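Everything below concerns the one structure shown next.
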Amino acid sequence: MSEWISRINLDRGVVNALSYMNHDCLPPIVHQDTSSKNILMDLEHAAYVSDFGTARILKPDSSNWTSFAGTFGYTAPEFAYTMEVNEKSDVYSFGVLTLEVILGKHPRDLMISVLSSTISTVLNTPLTNILDQRLSPTRDQVAEKAAFLVKLAFSCLPTHNLGLPSNRFPRS
């Protein structure tokens, strides 16, 4: 299995786990600390979300406020202002993690360049400039899937910064 296919499958496993926790559990569970250090892989490269120490069960008809939890660089910026736990924090963290999977490193510099430019400029950047340069170039369907992941990742980041519609995790 190619390294790119493994990375795409890792992302699929994480989104399926977070979608399940956020939408299919009653009451919903918000992980709050989705970062590369909390993703485990087995020998077949299946991804598992781990470390539920900061996870919160969302209680209906209740305010879901908490103190800061999560890993800096993966936590939604608006969480620092509101301290309200909701699914949006998992969506943001997933976007950052997905960019990290594609880039092969934390996307801090890319995210800063996004904030100082427009999303269309970033999305029109050649995919080869965004993908992890240590791996062999993607081809055909793998390239299409990688391009989709880049767009998906950006759609998970704050809409007020990127001018994109608000998204939720796709249901599998």
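No experiment lies behind these values; they were computed from the predicted model shown.
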- Ala46: side chain to side chain contact (heavy atoms under 4.5 Å, CB included) partners, not counting sequence neighbours: Asp42, Tyr48
- Nearest atoms (heavy-atom pairs only) where Ile29 meets Cys25: CD1-SG, 4.1 Å
- Task: To the nearest 0.5 angstrom, please state how far the CG atom of Leu131 sits from the CD1 atom of Ile102.
- Result: 6.0 Å
- Closest heavy-atom pair and its distance - Val96, Pro107: O-CG, 3.7 Å
- Message: Under 4.5 Å between side-chain heavy atoms, counting indirect links through other Ile/Leu/Val/Met/Phe/Trp/Tyr residues: same cluster for Val14 and Leu40 or not?
- Response: no
- Any side-chain heavy atom of Tyr92 within less than 4.5 Å of one from Thr34? no
- Asp90 CG to Asn22 CG distance, which is reported to the nearest 0.5 Å: 4.5 Å
- Heavy-atom count around Gln141 CD within 6.0 Å, excluding the residue itself: above 12? no
- Note on the structure: For Gly95 and Cys156 the tightest heavy-atom approach is CA-CB, 3.6 Å
- Gap separating the CG atom of Leu10 from the CD1 atom of Ile39, nearest 0.5 angstrom: 6.5 Å
- Message: Checking the side chain of Trp4 only, and the main-chain atoms of Ala143 only, is there a donor and an acceptor separated by less than 3.5 Å?
- Response: no
- Message: Within the structure provided, determine whether Leu99 and Leu157 are in side-chain contact (heavy-atom separation under 4.5 Å).
- Response: yes
- Taking side chain as C-beta onward, heavy atoms only, is Ile8 less than 4.5 Å from Val101? no
- Could you tell me whether the side chain of Ser19 and the main chain of Asn16 form a donor-acceptor pair under 3.5 Å? no
- Task: Evaluate the side-chain proximity of Glu3 to Asp132: yes if any heavy-atom separation is below 4.5 Å, no if none is.
- Result: no
- Once you round to the nearest 0.5 Å, how far does NE2 of His106 lie from OG of Ser36? 7.5 Å
- Query: Quick one: do Met41 and Leu149 end up in the same hydrophobic cluster if we chain Ile, Leu, Val, Met, Phe, Trp and Tyr together by side-chain heavy atoms under 4.5 Å apart?
  - Reply: yes
- Which heavy atom in Tyr74 sits nearest to a heavy atom in Ser93, and how many Å separate them? O-OG, 2.6 Å
- Please tell me if the side chains of His45 and Asn9 come closer than 4.5 Å, counting only heavy atoms from C-beta onward. no
- Under 3.5 Å, is there a donor-acceptor pair between the side chain of Asn38 and the main chain of Asp33? yes
- Task: Compare every heavy atom of Gly104 with every heavy atom of Arg134, then report the nearest pair and how far apart it is.
- Result: NH2-O, 3.1 Å
- Message: As an exercise, state the distance from CZ of Phe148 to OG of Ser155, rounded to the nearest 0.5 Å.
- Response: 7.5 Å
- Query: Is the number of heavy atoms from other residues, nucleotides or ligands under 6.0 Å of Lys37 NZ greater than 12?
  - Reply: yes
- Output the distance between atom CZ (Arg12) and atom CD1 (Ile5), rounded to the nearest 0.5 Å. 8.5 Å
- In chain order, what residues pass the ring-ring contact (aromatic ring centres under 6.0 Å, His included) check against Phe52, with sequence neighbours excluded? His31
